[in-house]
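Each chain gets a letter, A, B and so on, in the order the sequences are listed, and its residues count up from 1. Being a predicted model, the structure only gives us computed values, none of them experimental.
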Protein chains: 4
Amino acid sequence: MPRGPHTRRNLLEATITVAAREGYARATTRAIADEAGVSEATIYRHFPDKLTLFAAAVGHQNADIDQALAALPERAGQGSVLENVRTCLHQLASMKEAVLPLELAMLIDPELAQARADRLAAAHELTGAPRHLADYLAAEQAIGRVRAGLDPHRAALVLLGTLFSAVVGGGPVIDDCADVLVHGLLAPVAR
Amino acid sequence: MPRGPHTRRNLLEATITVAAREGYARATTRAIADEAGVSEATIYRHFPDKLTLFAAAVGHQNADIDQALAALPERAGQGSVLENVRTCLHQLASMKEAVLPLELAMLIDPELAQARADRLAAAHELTGAPRHLADYLAAEQAIGRVRAGLDPHRAALVLLGTLFSAVVGGGPVIDDCADVLVHGLLAPVAR
Amino acid sequence: MPRGPHTRRNLLEATITVAAREGYARATTRAIADEAGVSEATIYRHFPDKLTLFAAAVGHQNADIDQALAALPERAGQGSVLENVRTCLHQLASMKEAVLPLELAMLIDPELAQARADRLAAAHELTGAPRHLADYLAAEQAIGRVRAGLDPHRAALVLLGTLFSAVVGGGPVIDDCADVLVHGLLAPVAR
Amino acid sequence: MPRGPHTRRNLLEATITVAAREGYARATTRAIADEAGVSEATIYRHFPDKLTLFAAAVGHQNADIDQALAALPERAGQGSVLENVRTCLHQLASMKEAVLPLELAMLIDPELAQARADRLAAAHELTGAPRHLADYLAAEQAIGRVRAGLDPHRAALVLLGTLFSAVVGGGPVIDDCADVLVHGLLAPVAR
DNA sequence: CATGAATGAGTGTTCATTCAT
DNA sequence: TATGAATGAACACTCATTCAT
């Protein structure tokens with residue numbers, strides 16, 4: 001059995017498991033190595049340092065999330081927009097739950113946050129989950145189910161942004177988010 | 001000159017300053033004491049431990065935020081809802097910026113998150129900033145500028161929830177949030 | 001009401017109380033001040049430092065013990081020697097219990113142990129409890145109830161020495177000590 | 001060369017050395033690590049905390065003491081009882097000298113003392129040094145050199161108990177202890 | 001006489017990381 | 001490739017002590 005790649009995956013998943021179960025502060029190299037069933041030194045055979053390991057772990061999990069959303073644009077025109085958005089947010093929330101401690105923690109550190117911001121700014125084009133969501137909204141917009149004035153890219157980012165609080169707030173909050181995001185606050189007469 | 005209360009305020013503000021400038025991980029007791037111009041031991045004459053200091057610092061800053069929003073309900077009926085929400089979010093974002101590292105960090109730790117969740121669940125009634133925002137939305141709803149089906153309490157929490165991502169994403173994102181939240185995604189014809 | 005002397009006694013007794021209840025390591029100036037109902041700074045109005053306070057506390061308690069043993073020599077010739085010794089040891093043990101943590105702790109510190117040894121060596125004559133016990137043994141020796149070869153001074157110190165272990169070992173151990181000390185190990189035929 | 005076990009022994013002996021030389025209060029992890037020529041962190045790779053290290057150090061030293069006393073029972077009937085007891089006490093005293101600060105310190109802490117008391121109470125049967133001494137006394141009793149009424153187990157504990165004070169009091173005190181313990185206080189006529 | 005406030009020096013403990021094997 | 005052993009630097013926290021009031 002090829003141990004090399006296996007060990008790498010093992011470490012990525014152990015990182016997410018430990019961070020989700022015990023929190024970022026307790027996601028130490030020792031705890032991760034224990035969870036993966038390897039020695040601490042082994043971590044450094046696969047990753048130059050702890051930060052790189054964490055970044056790789058987040059990327060690993062997000063790859064799954066992106067894949068899960070790939071089919072979303074095809075649903076444009078089917079069901080209701082509210083239903084589609086709600087389902088999408090629930091799905092994302094459950095998948096994000098495990099990586100959230102890691103992602104938030106990386107957001108908290110100024111250096112890392114800066115690095116992340118630079119990377120996002122450099123990529124004018126969206127990729128991954130935001131891309132799929134923006135594509136879905138654009139498709140709905142094309143068939144007139146989403147209002148014309150909306151910028152699909154920006155709206156997608158707003159939707160995803162609510163996830164941070166939705167995951168923290170728990171299930172019911174997600175439905176509230178979907179409702180407000182889809183229908184807005186305004187009364188029809190006021191428009 | 002009474003130094004006691006002065007030192008306490010000094011420590012609370014030093015905590016927020018350091019956490020905002022250098023990040024949560026580097027907001028050590030040493031750094032905070034240096035910033036406040038006192039010794040580390042002094043921290044422990046005013047707070048039993050670091051966690052309590054952090055919680056007090058968040059509360060201290062949030063008290064200012066709550067106060068700033070107290071006048072919001074009176075603005076119902078004036079200007080446009082979009083303008084009011086946008087202004088409110090901008091104001092909140094700039095004030096929250098400093099406490100965000102602290103609040104996020106406390107969300108990350110499972111113990112603290114649990115404690116926070118219990119406390120929020122126990123308080124059925126909203127207080128502080130959420131309360132003021134909900135009151136504003138209810139007032140707008142009473143005069144027909146916000147749609148009737150909306151639950152003002154829940155909607156207020158959704159709006160505030162977007163702050164987490166808005167602060168992280170930076171200024172322009174806030175306008176996008178306000179736009180989507182106020183107008184929703186749907187095309188008028190689809191309603 | 002004269003607070004000065006009262007506060008001093010108060011501190012001495014608080015010191016013994018705290019050390020006996022919570023152990024030497026937890027007999028901090030803070031704990032003692034709390035127990036006495038005064039501020040930490042007050043300690044330093046009455047004693048130059050913590051060590052002096054502890055020494056005074058031991059002396060304070062030992063004064064009571066010495067007084068309790070003053071009547072012992074008069075009991076020579078009455079009852080049995082075993083009974084008298086046993087009673088004496090029990091009485092001492094119960095009184096020493098409170099100061100033992102303090103006395104042992106001072107024995108443990110090399111500097112203090114040296115200081116104590118010098119002081120004891122300088123005082124050829126016994127004083128206090130050892131003195132009374134030696135007097136008692138000498139009196140019994142004079143009337144032929146204690147063997148002639150015994151040095152009352154040294155024997156008194158041996159008896160008192162067993163207290164350290166007796167207090168630690170608990171009640172029943174004291175009777176065993178008295179029995180062995182009084183009767184010895186040897187069979188009559190072997191003498 | 002296998003460094004693991006070597007480092008462990010090294011730490012145990014450094015602990016005893018430092019505690020004996022500088023006293024319990026100054027037997028800090030830093031001082032012990034320096035004495036052992038390792039870093040403080042190394043201590044925590046071999047022992048979970050300082051207390052466990054100290055307990056292990058006491059056990060380590062006591063193992064040597066137990067071994068030294070193993071041959072004592074065979075000496076029953078040889079020489080005189082006084083000589084045997086005196087020799088035994090001297091030997092124990094010199095070996096105990098190094099661990100005494102540690103053992104006394106553990107006696108002082110209420111928690112530790114309780115734990116020790118429970119452990120001793122649970123072990124009805126004696127082990128180690130007390131066991132060997134009791135065996136010796138029983139053997140002497142069998143051949144009529146120790147008085148019939150004596151309980152060897154309890155007497156052994158009394159003898160060992162004098163060590164606490166004998167070690168503190170120094171060499172000459174040990175002879176006094178042996179004399180009183182062996183011959184008792186009573187005059188022959190009084191028996 | 002008493003104290004509230006402050007602190008320098010130090011504590012045990014943890015962590016990410018290195019390196020010889 | 002994997003690891004057992006080791007560690008420097010840092011951490012939150014405590015203590016006996018001082019001093020202006």
Side-chain angles (χ1 to χ4, degrees), chain A residues 2-8 25-33 36-54, chain B residues 1-8 25-33 36-51 53, chain C residues 2-8 25-33 36-54, chain D residues 1-8 25-33 36-54:
Chain A
R3 291 282 290 276
H6 173 262
T7 299
R8 201 189 136 88
R26 286 196 268 280
T28 66
T29 49
R30 168 116 77 174
I32 292 166
V38 301
S39 79
E40 282 186 82
T42 297
I43 292 175
Y44 293 88
R45 296 233 145 253
H46 293 266
F47 305 93
D49 54 25
K50 197 195 172 197
L51 234 55
T52 309
L53 166 64
F54 280 12
Chain B
M1 50 187 103
R3 293 289 288 277
H6 173 262
T7 301
R8 202 189 135 91
R26 285 196 268 280
T28 66
T29 50
R30 176 117 59 187
I32 292 166
V38 300
S39 77
E40 281 188 79
T42 297
I43 293 176
Y44 294 90
R45 291 200 65 77
H46 292 268
F47 304 94
D49 53 28
K50 198 194 172 197
L51 233 57
L53 166 64
Chain C
R3 291 280 291 275
H6 173 263
T7 299
R8 201 189 138 89
R26 287 197 267 279
T28 67
T29 49
R30 168 116 75 174
I32 292 166
V38 300
S39 78
E40 281 187 82
T42 298
I43 293 176
Y44 293 88
R45 298 232 143 254
H46 293 266
F47 305 93
D49 55 26
K50 196 196 174 198
L51 235 55
T52 309
L53 166 64
F54 280 13
Chain D
M1 53 186 100
R3 293 287 290 275
H6 173 263
T7 300
R8 200 190 138 90
R26 285 195 270 279
T28 66
T29 50
R30 180 115 56 187
I32 291 167
V38 300
S39 77
E40 280 187 83
T42 297
I43 292 176
Y44 293 89
R45 290 200 65 78
H46 292 268
F47 304 94
D49 54 28
K50 198 196 174 198
L51 232 58
T52 309
L53 166 64
F54 281 11

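When every heavy atom of D:Ala27 is checked against every heavy atom of D:Lys50, the shortest pair comes out as O-CE, 3.2 Å. Across all non-hydrogen atoms, the minimal contact from A:Asp49 to A:Tyr44 is CA-CE2, 4.0 Å. Shortest non-hydrogen contact noted between A:Leu53 and A:Phe47 is CD1-CE1, 3.5 Å.
Regarding contacts with the backbone of E:dT14, every side-chain N or O of D:Tyr44 stays at 4.0 angstrom or more from both OP1 and OP2. Phosphate proximity of E:dA6 to B:His46: present, with a side-chain N or O under 4.0 Å from OP1 or OP2. At the phosphate of F:dA6, OP1 or OP2 sits under 4.0 Å from a side-chain N or O atom of D:Thr7. Taking only side-chain nitrogens and oxygens, D:Thr42 comes nearer than 4.0 Å to OP1 or OP2 of F:dT7. Considering only side-chain N and O atoms, A:Thr28 lies nowhere under 4.0 angstrom from the phosphate OP1 or OP2 of E:dT14.
Regarding D:Arg26, its CZ atom lies at a distance of 18 Å from the P atom of F:dC15, rounded to whole Å. The distance between atom CZ of B:Phe47 and atom P of E:dA5, rounded to the nearest whole Å, is 13 Å. With rounding to whole Å, D:Glu40 atom CD is found 11 Å from F:dT7 atom C1'. A:Arg8 has its CZ atom 17 Å from the C1' atom of F:dA2, to the nearest Å. Computed from coordinates, the A:Ile43 CD1 to E:dC15 P distance equals 12 Å when rounded to whole Å. Note: CZ (B:Arg30) to P (E:dA9) measures 12 Å, nearest angstrom. Going from atom CG of D:Asp49 over to atom C1' of E:dT11 covers 14 Å, rounded to whole Å. Regarding C:His6, its NE2 atom lies at a distance of 10 Å from the P atom of E:dA2, rounded to whole Å.
For D:Ala27 and A:Ala25, each mapped to the nucleotide of DNA chain E holding its nearest heavy atom, the one lying further toward the 5' end belongs to D:Ala27. Residue D:Arg45 is the one, among B:Arg45 and D:Arg45, whose nearest nucleotide of DNA chain F lies closer to the 5' end (criterion: closest heavy atom).
Between E:dT3, F:dA12, E:dT13, one nucleotide has an atom nearer to the side chain of B:Lys50 than all others, and that is F:dA12. Residue B:Thr29 has its side chain nearest to F:dA12 when only E:dA20, E:dT3, F:dA12 are considered. Ranking F:dT17, E:dT3, E:dG8 by closeness to the B:Ser39 side chain, first place goes to E:dG8. Considering only the side chain of A:Ala41, E:dC19 comes nearest among E:dA16, E:dA5, E:dC19.
Residue B:Arg30 qualifies as open at atom CZ: its count of foreign heavy atoms under 6.0 Å is 12 or below.
When Watson-Crick and G-U wobble pairs are counted only if both distances are under 3.5 Å, E:dA20 pairs with F:dT3.
Side-chain contact between C:Ile32 and C:Phe54 is present, with heavy atoms from C-beta onward closer than 4.5 Å.
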